[in-house]
> 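Here's a structure for you.
Please read these numbers as outputs of a predicted model, since none were measured by experiment. A note on names: the letters A, B, ... follow the listed sequences, proteins ahead of strands, and every chain is numbered from 1.
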Protein chains: 2
Amino acid sequence: MSRPDLERLGAVYPRYLNAIVLHGLATAQAVGLGPTDLYAVGTLSFYGRMTSGDLAAKTGLTTGATTRLIDRLEQRGLVRRVTDPADRRRVLVEAVETDALELDAALAPARDKLGEVFAACSPAEIAALTDHFERATPAFHEAIEMIRESD
Amino acid sequence: MSRPDLERLGAVYPRYLNAIVLHGLATAQAVGLGPTDLYAVGTLSFYGRMTSGDLAAKTGLTTGATTRLIDRLEQRGLVRRVTDPADRRRVLVEAVETDALELDAALAPARDKLGEVFAACSPAEIAALTDHFERATPAFHEAIEMIRESD
DNA sequence: AGCATTATCTGCATTCATGCAGATATTAGA
DNA sequence: TCTAATATCTGCATGAATGCAGATAATGCT
């Protein structure tokens with residue numbers, strides 16, 4: 001791989017990540033949630049129910065702060081507590097599928113704009129991009145854990 | 001483009017964005033800044049000096065809150081205020097290139113893990129990905145503006 | 001020169017997320 | 001059964017980000 005290629009990636013990629021995070025913050029603000037709260041809901045809906053403790057680990061909060069986070073989300077009807085029948089100390093939290101948030105509306109501009117970007121791609125390019133996204137996602141999750149371990 | 005392709009993209013992409021934002025939040029926490037503060041620094045260093053008001057617009061904060069944000073960043077030596085000689089009401093803010101933050105250290109895990117992902121790509125794939133990132137970045141910025149306009 | 005406009009800053013107040021330490025409930029093990 | 005360990009919750013406290021309204025400073029127009 002040639003040097004110029006990597007340099008261009010190095011220049012473009014940080015700005016790209018910056019834009020995505022900024023967009024995430026703006027979305028949270030638009031739906032009236034803190035960033036952590038909104039992305040906790042996302043995590044729950046993408047990866048399914050998990051215990052309060054697991055959610056604490058994912059978000060990097062203490063268990064106490066996580067209790068309060070779940071309280072807030074439950075109060076807004078975004079999340080549901082289910083006691084684990086196998087171990088009644090544990091509380092499973094699951095996303096309620098609803099659009100109590102107007103999350104769909106908040107994401108509409110991104111969907112439109114990104115839709116145009118993807119629409120300009122060939123099927124092969126879409127496949128390549130999807131492959132990349134699929135590999136990059138766990139890489140970010142691993143990086144998150146590593147950041148938190150070295151605190 | 002076939003349906004299955006788009007469905008896979010639709011499943012993978014939201015998780016990908018979720019991971020990036022979560023990683024952004026974890027990074028901010030690791031360096032001891034609020035998410036807005038950290039991504040304001042990023043915006044300044046990527047796009048160069050801008051007025052306080054422009055930064056307010058970019059972050060979606062009021063001008064008062066932005067003054068405080070600049071105060072915080074200046075106090076930590078991440079940013080510098082420069083009075084605009086052409087219009088002395090205006091304050092230009094520019095990023096100070098320093099690693100007063102151990103931002104490099106905080107980003108190291110992501111660099112490593114993502115580096116592996118990119119290393120597995122052919123030069124052609126790298127070029128295609130870079131093209132995509134380059135097109136997606138302004139799309140996100142436009143989406144941010146649209147979200148804020150419809151508040 | 002005088003006035004309206006613009007850009008940033010300040011004082012004040014408030015909301016909110018979060019940590020911490022101890023409480024409670026449940027399970028597991030000796 | 002008694003005790004230790006585990007999972008979540010609560011009370012309390014605090015720091016921090018933010019908004020808002022008015023203050024200050026600079027510019028531009030008439």
> Provide the closest heavy-atom pair for R8(A) versus A127(B) in the form atom of the first, atom of the second, distance.
NH2-O, 3.7 Å

> Ignoring backbone atoms, test whether T62(B) places a side-chain nitrogen or oxygen under 4.0 Å from the OP1 or OP2 oxygen of dA17(D).
no

> Whole angstroms only, please: what is the CG-P distance between D71(B) and dT8(C)?
13 Å

> What is the distance, rounded to the nearest whole Å, between atom CG of D87(B) and atom P of dG28(D)?
6 Å

> Grab the two heavy atoms, one from V117(B) and one from A139(A), that are nearest each other, plus how far apart they are.
CG2-CB, 4.1 Å

> Given dT8(C), dT18(D), dG19(C), which nucleotide is nearest the side-chain atoms of T63(B)?
dT8(C)

> Write down the distance between CD (Q29(A)) and C1' (dA17(C)), rounded to a whole number of angstrom.
16 Å

> Between F133(A) and F118(A), how do the two ring planes meet: parallel, tilted or perpendicular, split at 30° and 60°?
perpendicular

> Under 3.5 Å, is there any donor-acceptor pair linking the side chain of R89(B) to the base of dT6(C)?
yes

> In whole angstrom, what separates R81(B)'s CZ from dT8(C)'s C1'?
9 Å

> With nearest nucleotide decided by heavy atoms, which residue, R88(B) or T51(A), maps closer to the 5′ end of DNA chain D?
T51(A)

> What nucleic acid atoms does T66(A) come within less than 4.0 Å of, heavy atoms only: base, sugar-phosphate, or nothing?
nothing

> By the 4.0 Å heavy-atom rule, please label G53(A) as base, sugar-phosphate, or nothing.
sugar-phosphate

> Side-chain N or O of R72(B) less than 4.0 angstrom from OP1 or OP2 on dT18(D)?
yes

> Expressed as a whole number of angstroms, how long is the span from L69(A):CG to dG19(C):C1'?
14 Å

> Tell me whether the OP1 or OP2 atom of dC9(C) has a side-chain N or O from R68(B) closer than 4.0 Å.
no

> So what does L61(A) hit on the nucleic acid, given a heavy-atom distance under 4.0 Å: a base, only sugar-phosphate, or nothing?
sugar-phosphate

> With a non-hydrogen cut-off below 4.0 angstrom, is S52(A) in contact with a base, only sugar-phosphate, or nothing?
sugar-phosphate

> Is it true that E74(B) and R80(B) make a salt bridge, defined as a side-chain N closer than 4.0 Å to a carboxylate O?
no

> Using whole Å, what does the distance between atom P of nucleotide dA7(D) and atom CD1 of I70(A) come to?
14 Å

> Name the residue closer to the 5' end of DNA chain C, choosing between G64(A) and D37(A) according to the nucleotide with the nearest heavy atom.
D37(A)

> Rounded to the nearest angstrom, tell me the gap between atom OH in Y39(B) and atom C1' in dA17(D).
18 Å

> Could you see if M50(A) belongs to whatever hydrophobic cluster contains V41(A)? Use Ile, Leu, Val, Met, Phe, Trp, Tyr and a side-chain cutoff under 4.5 Å.
yes

> Rounded to whole angstrom units, what separation is found between the CG atom of L38(A) and the C1' atom of dC16(C)?
16 Å

